[in-house]
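First the proteins, then the strands, lettered A, B, ... as listed; each starts at 1. No hydrogens, no waters, no symmetry mates; every other heavy atom, side chains included, goes into these values.
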Number of protein chains: 2
Amino acid sequence: MANKLKFERNEVVRTAGQLFWQKGFNATSTRDLQNATNMRPGSIYAAFGSKEGLYCEALKDYAQLMEGQLSQAINEHNCVLDGLASFVTRVLIEDADCAPSRLCMLIKANNEFTQNEPALKVLSVDLANEFEAFLTTLFKQAQHQNELSTDLSALEYARYFQIQFTGLRSYLNRPDTQALASSLIDQMFASLKQL
Amino acid sequence: MANKLKFERNEVVRTAGQLFWQKGFNATSTRDLQNATNMRPGSIYAAFGSKEGLYCEALKDYAQLMEGQLSQAINEHNCVLDGLASFVTRVLIEDADCAPSRLCMLIKANNEFTQNEPALKVLSVDLANEFEAFLTTLFKQAQHQNELSTDLSALEYARYFQIQFTGLRSYLNRPDTQALASSLIDQMFASLKQL
DNA sequence: TTTGATTTTGAGCGATCGCTCAAGTTAAAA
DNA sequence: TTTTAACTTGAGCGATCGCTCAAAATCAAA
């Protein structure tokens with residue numbers, strides 16, 4: 001009894017997420033989303049409740065995807081730092097051309113939202129903290145495997161990694177900087193190891 | 001012959017700039033600007049032409065202000081690196097609480113605008129490149145004074161500084177991170193010196 | 001083949017957007 | 001004092017915003 005859904009929820013979330021990632025939350029209109037997903041407003045609102053609801057789901061999907069890619073990169077390498085470098089290379093070189101932005105969608109969210117959009121601000125902060133916690137476990141593992149000193153805590157390494165990664169992504173977001181990507185990634189890991 | 005302007009142009013630009021810096025271009029409405037500047041739409045449009053025109057002037061004002069503060073910090077110290085550290089400390093600690101955002105307004109602009117707003121994108125990129133050029137002259141000076149090695153070019157130092165600074169500002173934009181500012185700034189300059 | 005719960009559709013709502021301009025106000029020049 | 005160019009005012013324009021909902025379409029169960 002009933003009519004079946006005519007769309008694949010995950011696919012819609014992914015498509016909407018690409019738009020949000022590229023243009024930001026405010027600059028993406030519901031008409032943009034309707035065109036990109038080929039859905040009528042009624043269907044979107046029945047499925048996601050609001051533009052904000054769809055955005056939340058897209059942001060969570062992005063965070064999960066990134067954690068998945070990072071996990072995969074770690075598992076494919078014997079040492080943690082190689083896995084991290086592989087992940088960074090994938091994000092900033094291999095997948096860079098088909099991504100909607102050089103910037104991390106989570107960081108873009110953190111930058112865009114203020115106290116005026118409390119729910120979205122809190123969500124983006126929570127997801128960023130969750131990612132930081134994941135990174136911290138990885139750096140703890142790196143220290144156990146003697147890849148890094150224990151002069152700094154794993155959390156301090158995780159903070160430094162995020163600062164470098166975020167700054168690098170912001171820099172590579174500028175026009176005509178792609179050729180610098182490889183050597184700047186090398187520089188990032190070299191400086192990490194000497195901390 | 002005529003009526004005099006009832007507002008101080010620089011003051012209006014500064015006030016509008018604070019709003020734009022905090023909320024971003026898209027999320028700042030012309031009504032917000034009217035309230036903040038206590039001007040009626042007609043006066044704003046007579047003076048600046050458009051919301052975009054006002055934003056451009058505010059962004060240029062911001063860039064000029066930052067270059068001025070950096071110049072001042074450099075002049076007040078014998079060595080360039082001390083001047084840079086003083087500037088970073090001012091931005092991220094001393095002036096942090098009264099600033100509209102921990103993020104650099106130029107970087108926020110770079111993050112927000114896409115090819116859909118070509119004029120604003122180009123302006124923000126140009127201003128960022130101008131700032132990079134200024135930093136490069138400073139690092140050249142630092143090398144001449146034997147504060148830094150010449151293994152890297154001055155431009156490479158400038159790039160690294162921007163990456164670190166941007167990443168750090170993004171990190172300190174997260175809630176409850178202010179206590180970390182001082183030691184992260186130290187870490188930033190320590191890693192810069194051993195490049 | 002009905003029935004009926006579920007989903008899709010799209011016209012269009014009220015709100016807000018960036019912005020305009022005719023009318024009013026101001027003050028220097030005549 | 002009168003004139004007049006410059007500036008301010010604010011009602012409100014057309015466009016677009018996020019979103020709603022009655023009607024049509026759809027399909028599993030009866």
Side-chain angles (χ1 to χ4, degrees), chain A residues 1-13 15-59 109 112-121 123, chain B residues 1-13 15-59 109 112-121 123:
Chain A
M1 53 160 158
N3 191 359
K4 278 184 180 172
L5 289 176
K6 294 226 166 26
F7 60 87
E8 201 65 46
R9 189 178 183 92
N10 295 341
E11 214 173 272
V12 169
V13 169
T15 301
Q18 301 263 317
L19 249 190
F20 280 131
W21 187 3
Q22 181 187 63
K23 307 178 61 165
F25 177 76
N26 281 303
T28 304
S29 73
T30 52
R31 264 94 178 165
D32 291 338
L33 296 166
Q34 290 162 34
N35 294 336
T37 61
N38 197 29
M39 289 170 75
R40 261 31 70 203
S43 296
I44 294 180
Y45 282 83
F48 301 102
S50 65
K51 178 184 168 184
E52 196 168 307
L54 176 52
Y55 181 86
C56 288
E57 205 158 316
L59 194 64
E112 178 170 8
F113 302 127
T114 64
Q115 319 305 346
N116 300 330
E117 306 98 337
L120 296 175
K121 182 77 186 170
L123 175 66
Chain B
M1 56 162 155
N3 193 0
K4 279 185 180 169
L5 289 176
K6 295 227 165 27
F7 58 88
E8 202 65 47
R9 189 178 183 92
N10 295 341
E11 214 172 273
V12 168
V13 168
T15 302
Q18 301 263 317
L19 249 189
F20 280 132
W21 186 3
Q22 181 187 64
K23 308 179 63 167
F25 177 76
N26 281 304
T28 303
S29 73
T30 53
R31 264 94 178 164
D32 291 336
L33 295 166
Q34 291 163 31
N35 294 336
T37 61
N38 196 31
M39 288 170 78
R40 261 33 69 201
S43 295
I44 294 180
Y45 281 83
F48 302 101
S50 64
K51 178 185 169 183
E52 196 168 307
L54 177 52
Y55 181 87
C56 287
E57 206 157 315
L59 194 64
E112 177 170 8
F113 302 127
T114 65
Q115 319 305 344
N116 300 330
E117 305 98 337
L120 296 175
K121 181 78 185 168
L123 175 65

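- A straight line from OH of A/Tyr55 to C1' of D/dG18 spans 17 Å, rounded to a whole angstrom.
- Checking the phosphate oxygens (OP1, OP2) of C/dC19, a side-chain nitrogen or oxygen of B/Tyr45 falls inside 4.0 Å.
- Using a 4.5 Å heavy-atom cutoff, the side chains of B/Gln22 and B/Leu19 are in contact.
- One atom, CD1 of A/Ile44, and another, P of D/dT20, lie 13 Å apart when rounded to the nearest Å.
- Taking the side chain of A/Ser29 as heavy atoms from C-beta on, and the options C/dT7, D/dC17, C/dC19, the nearest nucleotide is D/dC17.
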Could you go over nucleotides 10-13 of chain D and give all protein N or O partners under 3.5 Å, atom names and distances?
{"unit_1": "D/dG10", "atom_1": "O6", "unit_2": "B/Gly42", "atom_2": "N", "d": "3.1"}

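- Counting to the nearest Å, the C1' atom of D/dA28 and the CG atom of A/Leu5 are 14 Å from each other.
- The side chain of B/Thr30 contributes no N or O atom lying less than 4.0 Å from OP1 or OP2 of C/dC17.
- Of the candidates D/dC7, D/dC17, C/dC19, C/dC19 carries the atom nearest the B/Lys51 side chain, counting heavy atoms from C-beta on.
- Following rounding to the nearest Å, B/Leu33 (CG) and C/dT16 (C1') show an atom-to-atom distance of 15 Å.
- Atom CD in B/Glu8 sits about 14 Å away from atom P in D/dC7, given to the nearest Å.
- To the nearest angstrom, C1' of C/dG18 lies 15 Å from CD of B/Glu117.
- In this structure, the side chains of A/Phe20 and A/Leu59 stay at 4.5 Å or more apart for every pair of heavy atoms.
- The distance from atom CG of A/Asn35 to atom C1' of C/dT9 is 15 Å, rounded to the nearest whole Å.
- Between A/Met39 and B/Gln34, it is A/Met39 whose nearest contact on DNA chain C lies nearer the 5' terminus.
- Taken to the nearest 0.5 Å, the NZ atom of A/Lys23 stands 12.0 Å off from the CD atom of A/Glu112.
- Straight-line distance from the CG atom of B/Asp32 to the P atom of C/dT16: 12 Å, rounded to whole Å.
- Among the heavy atoms of the strands lying under 4.0 Å from B/Phe7 are primed sugar atoms or P, OP1, OP2 only; no base atom is included.
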